[in-house]
Number of protein chains: 2
Amino acid sequence: MTDLSLMLNVNMLEEKIIEKNIAVICDCPITAAIGIVGGKWKPVIIWILIDGSRRFGELHKTIPGIALKVLSRHLKELEADGIITRKVYAEVPPRVEYALTEKGRSLNDVMQLFADWGRKNIINA
Amino acid sequence: MTDLSLMLNVNMLEEKIIEKNIAVICDCPITAAIGIVGGKWKPVIIWILIDGSRRFGELHKTIPGIALKVLSRHLKELEADGIITRKVYAEVPPRVEYALTEKGRSLNDVMQLFADWGRKNIINA
DNA sequence: CTGTATCCCGGCTGATACTG
DNA sequence: CAGTATCAGCCGGGATACAG
C-alpha cells in the first residue's frame with residue numbers, strides 16, 4: 001500500500017490531466033488529489049461547508065485573511081471539479097448559497113482525520 | 001464533530017503560532033495542519049517517505065519538476081516541524097538519508113485515506 | 001450582497017554555477 | 001553527492017476600488 005510501485009502509471013494519469021486540466025506533476029494519487037483540494041484555502045472551505053451550506057459573505061467572514069478574489073476563484077474551481085454546488089437566489093439583495101456535492105461530502109472522512117491529526121500534533125504538541 | 005463550535009479557540013492556537021512560527025490564519029485544526037504539511041510538495045515528500053527512507057537525490061528524481069531549492073527548503077521545514085529526520089553519513093561521496101519520525105508516520109492514515117480519495121475521485125472519475 | 005477589475009508583491013520555478 | 005548562490009520569469013495571493 002505504501003509501495004511506490006502502486007502508484008498509477010503515467011499514461012493513465014496524463015489522460016485525466018489533459019481532460020481535467022489539472023496541474024499534476026508527480027504520478028501519485030496524493031499529488032492528483034492536491035490538484036483538486038490543494039489550494040491554500042480549499043480545505044478550509046470544504047471544512048466549513050461540511051457543517052452545512054454557506055453564503056459567499058459568510059465564507060468570507062468565517063475565513064479571516066482570504067482575499068475576495070481568491071475566495072471567488074477557489075469556489076469556482078471547486079464547483080468546476082464537482083466538489084461544491086452554487087445556487088443563486090434571484091432576490092434583492094442577491095443571495096448565493098454554496099454547499100458540498102456528494103463528491104465533496106466524500107471528503108468528510110479525510111478531513112476529519114486530518115483535523116484530528118492537527119489537534120493532536122499541533123495544538124497539543 | 002463537523003460543528004464549527006468545536007474549532008479551537010483563537011488564544012490557544014495563537015500561542016502555538018508564535019511558538020512554532022506557523023502561518024495559521026483561521027482558527028481551525030485544518031488550517032493548522034496545513035501550516036505543517038500544506039506546502040505544494042510536502043504531502044508528496046511524506047508520501048514517498050512512507051515507503052522508507054530516501055536520499056536527497058532520490059527524492060529529487062522521484063518528484064519531477066520540483067526545484068532543488070524548494071526541495072531543500074521543504075525538507076528543512078519538515079525537519080523543523082518534527083515530521084522527518086535528516087541523517088548525514090560522513091562518507092565520500094556524501095550521503096544524506098531522510099526518513100519519517102514517529103510524528104511523521106502518524107500521518108500515514110491520513111495520507112492513505114487521501115490517496116484513496118484521489119484514486120476514486122480523480123482517476124476513476 | 002456578490003462578486004469583478006486592478007495593481008502589487010512574495011513565492012515558486014528553472015537554469016546554471018559553485019562549494020564541501 | 002548534496003546542497004547553496006544567483007538571476008530570471010511567471011503565477012498565485014493580497015488589498016483596494018468598483019460594478020451588477
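Residue numbers begin at 1 in each chain, while the letters A, B, ... track the order of the sequences. All values reported here derive from a predicted model rather than from experimental measurement. In what follows, every heavy atom counts, from backbone to side chain, and hydrogens, waters and symmetry copies are set aside.
For A:Pro94, the listed nucleotide lying nearest its side chain is D:dG20; candidates were C:dC12, D:dG20, C:dG20. Of the listed nucleotides (D:dC1, D:dT4, C:dC1), D:dT4 has the atom at the smallest distance from the side chain of B:Lys76. Distance from the side chain of A:Phe56 is smallest for C:dG3 among the nucleotides C:dG3, D:dA2, D:dT4. Each of D:dT4, C:dT4, C:dT2 was ranked by its minimum atom distance to the side chain of A:Val96; first place goes to C:dT2. Residue B:Ser72 has its side chain nearest to D:dT4 when only D:dG3, C:dC1, D:dT4 are considered. If you check D:dC1, C:dT4, D:dA15 against the side chain of A:Ala67, the one that comes closest is D:dA15.
Here the side chain of B:Thr62 pairs a donor or acceptor atom with the backbone of B:Glu58 at under 3.5 angstrom.
A straight line from OH of A:Tyr98 to P of C:dG3 spans 4 Å, rounded to a whole angstrom. The nearest whole Å value for the distance from the NZ atom in A:Lys87 to the P atom in C:dG3 is 15 Å. Counting to the nearest Å, the P atom of C:dT2 and the OH atom of A:Tyr89 are 12 Å from each other. In this structure, CZ of B:Arg86 is placed 16 Å from P of D:dC1, rounded to the nearest angstrom. Following rounding to the nearest Å, A:Ile66 (CD1) and D:dT16 (P) show an atom-to-atom distance of 16 Å. Atoms CD (B:Glu58) and P (D:dA2) sit 8 Å apart, rounded to a whole Å. One atom, CD of B:Glu91, and another, C1' of D:dA2, lie 13 Å apart when rounded to the nearest Å. Rounded to whole angstrom, the span from the NE2 atom of B:His60 across to the P atom of D:dC1 amounts to 12 Å.
No donor-acceptor contact under 3.5 Å links the side chain of B:Lys69 to the base of D:dT4.
Here B:Lys40 reaches the OP1 or OP2 of C:dT13: one of its side-chain N or O atoms lies under 4.0 Å away. At least one side-chain nitrogen or oxygen of B:Trp41 sits closer than 4.0 Å to the OP1 or OP2 atom of C:dT13. The phosphate of C:dT2 (OP1 or OP2) has a side-chain N or O of A:Arg55 nearer than 4.0 angstrom.
Taking 4.5 Å as the limit, some side-chain heavy atom of B:Leu59 sits within range of a side-chain heavy atom of B:Leu75.
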Extract all donor-acceptor atom pairs below 3.5 Å that involve side chains of residues 89-100 of chain A and protein atoms in other chains or at least two apart in sequence.
unit_1  : atom_1 : unit_2  : atom_2 : d
A:Glu91 : OE1    : A:Arg95 : NE     : 3.3
A:Glu91 : OE2    : A:Arg95 : NH2    : 3.1
A:Arg95 : NH1    : A:Glu97 : OE2    : 3.3
A:Glu97 : OE1    : A:Ser53 : OG     : 3.2
A:Tyr98 : OH     : A:Arg86 : NE     : 3.2

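Scanning for salt bridge (Lys or Arg N to Asp or Glu O under 4.0 Å) contacts around A:Arg55 gives an empty result, with sequence neighbours left out.
For the residue pair A:Lys42 and A:Ile36, the shortest heavy atom distance occurs at CD-O, 3.2 Å.
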